[in-house]
Amino acid sequence: MESANKKSIINCHTHIFNGKCVPPYIVKGFMPWPIYYLAHTPTLLRINEFFKFKDGKWKEFYENWTILKIKLRNIWSQYRTFIYRNIIAKTIATIINIWFILHALYYLFGTQIGNLIKSCEYFDRNVRSVISFLESYNAFFRNPHILYKVFIILFVLFFISFGRKLLWTIGRYILPFMKFVPDSKTLKFYLRYFNIIRFAGYEESFRVYSKLINQYDQGTGFVVLPMDMHYVGAGKIKSEEGTFEFQMNELVKLKKDKKKNIYPFVFIDPRRIKDQPDFLKFQQII
C-alpha cells in the first residue's frame with residue numbers, strides 16, 4: 001500500500017502515440033543513407049506484429065524462452081560470483097581469457113597489427129618471439145580451421161567484456177570501414193528506437209497508456225505530449241488516424257475519464273500555424 005507520506009510524481013514528458021503517427025523514415029535523423037530506408041516504420045511495425053511473442057502462436061515460445069533466459073542468467077551470475085570470490089579460479093579464468101583474446105586479435109587483425117609493428121624492429125622481434133614460444137608448447141594456434149577461429153572470436157565477443165571492447169577499439173582504429181559501424185552508444189540508441197516500435201504497434205493510444213501506467217505508482221500524473229511529425233522531412237503520414245488532429249481528439253477522450261491523471265500538452269510547430277492559420281481553433285471530433 002502506498003505510504004501516507006509518499007508524494008505522487010508527475011511524468012512531464014509522456015508520449016502515447018502509435019505507429020500511424022510516425023513518418024515512414026523517422027530514423028533518417030540518426031541513421032546514414034541509405035540504411036534508414038531499411039528501417040521503414042510501417043514495415044517494422046508489420047514485422048513486430050508478426051513476431052509479437054507475448055501473444056498468439058508465439059506465446060508458448062516466448063514463455064519458454066523467458067524461463068530459459070532467467071535460468072541462464074542465474075547460472076552466469078553464480079559463475080561470476082564464484083570466480084570473483086576464489087583467487088585461484090579468478091587467476092585461471094584470467095589466463096584463459098587472455099589466451100582467447102590473443103587468438104581473437106591475431107585472427108581478426110594479425111596482418112594489420114603485423115604491418116604496424118614492422119616499423120619498430122624491437123616490437124617486431126619480440127612479438128614474433130612470443131608467438132614462436134607459445135607455438136612450441138602448443139599454446140598458440142596460428143592457422144586452425146575456420147570454424148575454430150569463428151568460435152574463439154564469438155566467445156570473446158559474447159563472454160569477455162574487456163576483450164570485446166579491445167577488439168572493437170582496435171577495429172575502429174585499424175580498419176577504415178569500421179568507422180561507419182555504429183558504436184555501443186549508438187547501438188543502444190537504435191535498440192531504444194526498436195523498443196518504441198514494440199509499443200507503437202498498438203492500434204489505439206489508450207492501450208499504450210494502459211501499459212505505461214502499470215509501470216508507475218498509483219497516483220502518478222502524466223503530461224501527455226502529442227507529436228506533430230508532419231514537418232520532420234521523413235516521409236508523409238498517410239493514415240488519417242496518424243494526423244495531429246486525430247491525436248488531439250484521442251487525448252481529449254482520455255482526459256474525459258476523470259480517473260486518469262492526464263495533463264494535456266499542445267505541441268505547436270510554427271510551420272503548421274503558417275500553413276493552417278486556424279490550427280489553434282481545435283474542435284473535438286466525436
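All figures in this text were calculated on a predicted structure; none of them were measured in a lab.
- Of the possible polar contacts, none joining the Ser132 side chain to the Ser129 backbone as a donor-acceptor pair under 3.5 Å is found.
- Between Thr220 and Asn261, every side-chain heavy-atom pair lies at or beyond the 4.5 Å cut-off.
- Grouping Ile, Leu, Val, Met, Phe, Trp and Tyr residues whose side-chain heavy atoms lie under 4.5 Å apart, directly or via other members, places Leu102 in a hydrophobic cluster with Ile98.
- Taking hydrophobic clusters as Ile, Leu, Val, Met, Phe, Trp and Tyr residues chained together by side-chain heavy-atom distances below 4.5 Å, Phe151 shares a cluster with Val156.
- Ile75 and Tyr79 fall into different hydrophobic clusters, defined by Ile, Leu, Val, Met, Phe, Trp and Tyr side-chain heavy atoms under 4.5 Å apart, directly or through other members.
- For the pair Ile153 and Leu108, the minimum side-chain heavy-atom distance is below 4.5 Å.
- Summarising the geometry, atom CD1 belonging to Ile101 is positioned 6.5 Å from atom CG belonging to Leu166; distances are rounded to the nearest 0.5 Å.
- By the ring pair (Phe, Tyr, Trp, His ring centres under 6.0 Å) test, Phe265 is found to be paired with no residue, residues two or more places apart in sequence or in another chain being considered.
- There is a path of hydrophobic side-chain contacts, each under 4.5 Å, that joins Leu134 to Phe109.
- Here the shortest heavy-atom pairing between Met248 and Pro226 reads SD-CG, 3.5 Å.
- Within the 4.5 Å cutoff, the side chain of Ile262 has heavy atoms near those of the Leu251 side chain.
- In Arg80, the CZ atom is not crowded: 12 or fewer heavy atoms of neighbouring residues, nucleotides or ligands sit closer than 6.0 Å.
- Residue Asn126 holds its CG atom at 11.5 Å from CD1 of Ile131, rounded to the nearest 0.5 Å.
- The local environment of CH2 in Trp99 is crowded, with over 12 non-hydrogen atoms from other residues, nucleotides or ligands closer than 6.0 Å.
- Atom NZ in Lys149 sits 10.5 Å away from atom NE2 in His103 (nearest 0.5 Å).
- Between Phe140 and Tyr107, the ring planes are tilted. Angles from 30° to 60° get that label.
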**Request:** For side chain to side chain contact (heavy atoms under 4.5 Å, CB included), just list the numbers for Leu167 and Leu157, CA-CA rounded to whole Å, side-chain angles, deciding distance to a tenth of an Å, and then say yes or no.
**Result:** CA-CA 8 Å; Leu167 293 180; Leu157 292 175; 4.0 Å; yes

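- More than 12 heavy atoms of other residues, nucleotides or ligands shown are found within 6.0 angstrom of CG on Leu72.
- Other residues, nucleotides and ligands place no more than 12 heavy atoms under 6.0 Å from the CZ atom of Phe162.
- Residues forming a ring pair (Phe, Tyr, Trp, His ring centres under 6.0 Å) with Phe155 (at least two apart in sequence, or on another chain): Phe100, Phe159.
- Considering OG1 of Thr91 and CD1 of Ile83, their distance stands at 9.5 Å, rounded to 0.5 Å.
- No donor-acceptor pair under 3.5 Å is formed between the side chain of Ser77 and the backbone N or O of Arg73.
- Contact detail for Tyr263 and Gly221: the closest heavy-atom pair is CE1-CA, 4.0 Å.
- Using a 4.5 Å cut-off between side-chain heavy atoms of Ile, Leu, Val, Met, Phe, Trp and Tyr, with links allowed through other members, Ile95 and Ile88 fall into different hydrophobic clusters.
- Both Ile152 and Leu154 belong to a single network of hydrophobic side chains, linked directly or stepwise wherever heavy atoms of I, L, V, M, F, W or Y lie under 4.5 Å apart.
- Two residues are said to be in side-chain contact when any heavy atoms from C-beta on lie closer than 4.5 Å; Arg142 and Tyr106 meet this criterion.
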